[in-house]
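Remember, it's a predicted structure, so these values are computed and weren't measured experimentally. Both counts, for ligands and for their atoms, begin at 1 and track the order of listing. As a basis for the values below, the full set of heavy atoms in this structure was taken, side chains included, without hydrogen atoms, waters or symmetry mates.
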Amino acid sequence: MRTIWTRWDLGILSVLLVFIMVNGAAAQQVTFTKDVAPVLQEKCQVCHRPGTFAPMSLLTYEEARPWAKAIREKVLAREMPPWHIDKNVGVRHFKNDRSLSDEQIATIVKWVDGGALRGNPADMPPPREFEDQDKWHITPDLIVELPKDIIVPAKWPDRWIDVEVNPGLTEDRYIQAIETKPTKGFRVVHHAVTSMKHDDDPPGDTRVTAQGTFLNEYALGKNADVFPDGAARLMKAGTKINFNLHLHAIGQETAANVALGLKFYPKGYVPKFVEISEHAGDQPDLDIPANTNDVRSEGYTTLTKPARILSFQPHMHNRGKAQCMEAIYPGGRKVETLSCVSNYQFAWHLVYLYAEDEQPLLPAGTTLHVVSWHNNSASNRFNPDPDNLVTFGQRTIDDMAFAWISYYYLSDEEYKQQLEERKAKQQKPTAGN
Ligand code: HEC
């Protein structure tokens, strides 16, 4: 056996070393074509492409490069993509999560810090294909549209507008799937929220907003809400639909319209679970002093039966800053944080749909405790007037503090059974482990 390296061996070794070093450097060098373009395709381009309401397109290197610094700042602050829930608190997985992973954020930051290089054009992935905006993802039995288009002038401050439409429903029906989407002028529709209003809604109840009960929401890239088999929402005869629209001028006069598509279960069908959308933790006695940040308010809602919570959505107006919801188990024997939105942005109307395996299963008598923070100082860019005292009210310049939650009530039996199933799943090692 040889114990001494020959010059030949050493020669090979040094070539190898250089090879490893160059390769190592290449692996560290983050480029647009290889590393960043796939992230933008997956998480940004649904909004940032020509013809939408987003301020710029991010399809190509030429388009993205001038925004490199702004992109770095927005992704680090987790303001873009718009997904403002704290992922390290409470429920961590969501059906509609569009946020960046920590690795994706690191990639973008490295790219910008390394000089925002283009890289090898051959690494560029093929362009992402986008669906036609007119496409329904369900086959609606009923389509409810605004009776006339809304004309958005070329220049306009952002507007939030409510339009009520009576679809003429003469019998109760159970909804199987819902979808809301613009049918005209989709560039000016920042978001659209549909709600149900009914004459039986308790009059004068501060828990019913001017819009009614939350039904569904449109945002770019969102498809239909399809209920799991056996689950449904009830739409009573005589229900009216409220469209709440966030409209955004784009420099040219644009006609906009929005439609709600509904697919029903067959007549006479009785679902096993009826999904309810309701307020939790209202605080109707808001008192938010002028020029004050971090004004805290609280509200409580007690569940009368066992329940499975499906989604969370903070509801505040211009001064909203943050909101958390926790579950106080009966007798206070356990308190569990469910969700926190730590960076609430009034312009974004985001519903956080809990992943199936993490939907909180709560016993009867659990109290949902909602804590909200408002910022009525000049540091809040949505604040129209920090010198005003703000109290509860329907106008966006008044404020509110509650969470929209959707949930199913469960029987005691179903609750026990679902809890058992959850436990069994958590104990079983997942496939591949
Ligand atoms: C759901 C649509 C949507 C998605 C997804 C989205 N953006 Fe945005 N983005 C917007 C809109 C709309 C604005 C304008 C400001 C606002 O409304 O908050 C914006 C603003 C920005 C800005 C600030 C522009 C300025 O004028 O300073 C940057 C930077 C940005 N986005 C980058 C990104 C990046 C990077 C991603 C993906 C990682 C992304 N966005 C994903 C809609 C979106």
Side-chain angles (χ1 to χ4, degrees), residues 30-33 35-85 87 94-113 116 125 127-128 130-131 133 152 156-160 180-182 185-193 216-223 245-251 254 256 313 316 318 320-321 341 343-353 380-383 396:
V30 175
T31 67
F32 184 83
T33 52
D35 309 292
V36 174
V39 179
L40 301 188
Q41 286 190 349
E42 187 195 338
K43 299 282 173 75
C44 316
Q45 291 178 1
V46 64
C47 297
H48 290 278
R49 65 189 149 111
T52 77
F53 58 86
M56 70 288 192
S57 168
L58 296 175
L59 298 185
T60 63
Y61 178 72
E62 283 71 22
E63 286 169 337
R65 179 64 185 84
W67 293 96
K69 281 219 163 71
I71 291 173
R72 182 188 191 277
E73 189 186 312
K74 292 281 179 189
V75 301
L76 260 182
R78 291 193 179 277
E79 279 174 26
M80 281 288 147
W83 183 259
H84 305 129
I85 200 157
K87 291 199 291 185
F94 302 87
K95 286 182 180 173
N96 55 340
D97 193 346
R98 59 151 86 100
S99 64
L100 296 173
S101 67
D102 293 347
E103 294 75 36
Q104 288 175 320
I105 294 177
T107 300
I108 289 177
V109 170
K110 263 193 210 156
W111 173 64
V112 179
D113 291 348
R128 180 175 161 186
F130 292 99
E131 282 182 345
Q133 283 302 315
V152 177
W156 225 28
D158 279 25
R159 296 262 167 109
W160 281 260
T180 306
K181 67 188 181 67
F186 101 106
R187 292 180 61 189
V188 298
V189 183
H190 191 293
H191 72 237
V193 179
N216 178 245
E217 144 263 4
Y218 154 81
L220 263 177
K222 185 170 179 272
N223 299 341
L245 309 172
H246 175 181
L247 299 168
H248 178 79
I250 51 162
T254 308
Q313 176 182 16
M316 294 178 280
N318 293 61
K321 177 176 183 178
V341 164
N343 184 17
Y344 181 79
Q345 304 275 321
F346 177 64
W348 290 101
H349 184 96
L350 303 175
V351 184
Y352 301 98
L353 302 175
N380 173 0
R381 70 187 166 108
F382 297 109
N383 194 345
T396 62

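- Note on H48: counted as a metal contact of atom 8 (Fe) of ligand 1, an N/O/S atom lying under 2.8 Å.
- Atom numbering of ligand 1 starts at 1 in the shown order; those under 4.0 Å from a heavy atom of K74 are 23 (C), 28 (C), 29 (C).
- Aromatic ring pairs are classed by plane angle as parallel below 30°, tilted from 30° to 60° and perpendicular above 60°; the pair F346 and W160 is tilted.
- Proximity of atom 35 (C) of ligand 1 to the protein is indicated by at least one non-hydrogen atom lying closer than 4.0 angstrom.
- Looking only at protein heavy atoms, the nearest one to atom 18 (O) of ligand 1 is W348 NE1, 3.1 Å.
- The main-chain N or O of H84 is found under 3.5 Å from a side-chain atom of Y352 such that the two form a donor-acceptor pair.
- Using bins of under 30°, 30° to 60° and over 60° for the plane-to-plane angle, the ring pair Y61/F32 lands in the perpendicular bin.
- Among C47, A68, P55, the residue whose heavy atom sits closest to atom 11 (C) of ligand 1 is P55.
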Given side chain to side chain contact (heavy atoms under 4.5 Å, CB included), test L58 with E63 step by step and report yes or no. CA-CA 6 Å; L58 296 175; E63 286 169 337; 5.5 Å; no

For salt bridge (Lys or Arg N to Asp or Glu O under 4.0 Å), just list the numbers for K43 and D97, CA-CA rounded to whole Å, side-chain angles, deciding distance to a tenth of an Å, and then say yes or no. CA-CA 10 Å; K43 299 282 173 75; D97 193 346; over 6 Å; no

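- Nearest non-hydrogen protein atom to atom 26 (O) of ligand 1 is W67 CZ3, 3.8 Å.
- Checked by atom type and distance alone, the side chain of R49 never pairs as donor or acceptor with a backbone atom of L59 at under 3.5 Å.
- At least one donor-acceptor pair closer than 3.5 Å links the side chain of T52 to the backbone N or O of C47.
- Here is the list of ligand 1 atoms found below 4.0 Å of a heavy atom in A70: 29 (C).
- Here is the list of ligand 1 atoms found below 4.0 Å of a heavy atom in F53: 12 (C).
- Nearest protein heavy-atom contact of atom 37 (C) of ligand 1 is C44 SG, 1.8 Å.
- Shown in contact with M56 at under 4.0 Å from a heavy atom are these atoms of ligand 1, numbered in order with element: 22 (C), 24 (C), 28 (C), 29 (C), 30 (C).
- Within the structure, the closest approach of H190 to ligand 1 falls below 4.0 Å when heavy atoms are considered.
- At distances below 3.5 Å, at least one donor-acceptor pair connects side-chain atoms of N380 with backbone N or O atoms of N318.
- Atom 19 (C) of ligand 1 has its closest protein heavy atom at M80 CE, 3.1 Å.
- Each of V112, T107, V109, D113 was checked for a side-chain contact (heavy atoms from CB on, under 4.5 Å) with V30, and the lone residue meeting it is T107.
- Tested against S99 for a side chain to side chain donor-acceptor pair (under 3.5 Å), the candidates K87, R78, Q104 yield a single pass: K87.
- Atoms of ligand 1 found under 4.0 Å from any heavy atom of K43, numbered from 1 in the order shown, are 5 (C), 37 (C), 41 (C).
- Ligand 1 has no atom lying under 4.0 Å from any heavy atom of Q345.
- Set against the non-hydrogen atoms of R98, the atoms of ligand 1 under 4.0 Å away are 1 (C).
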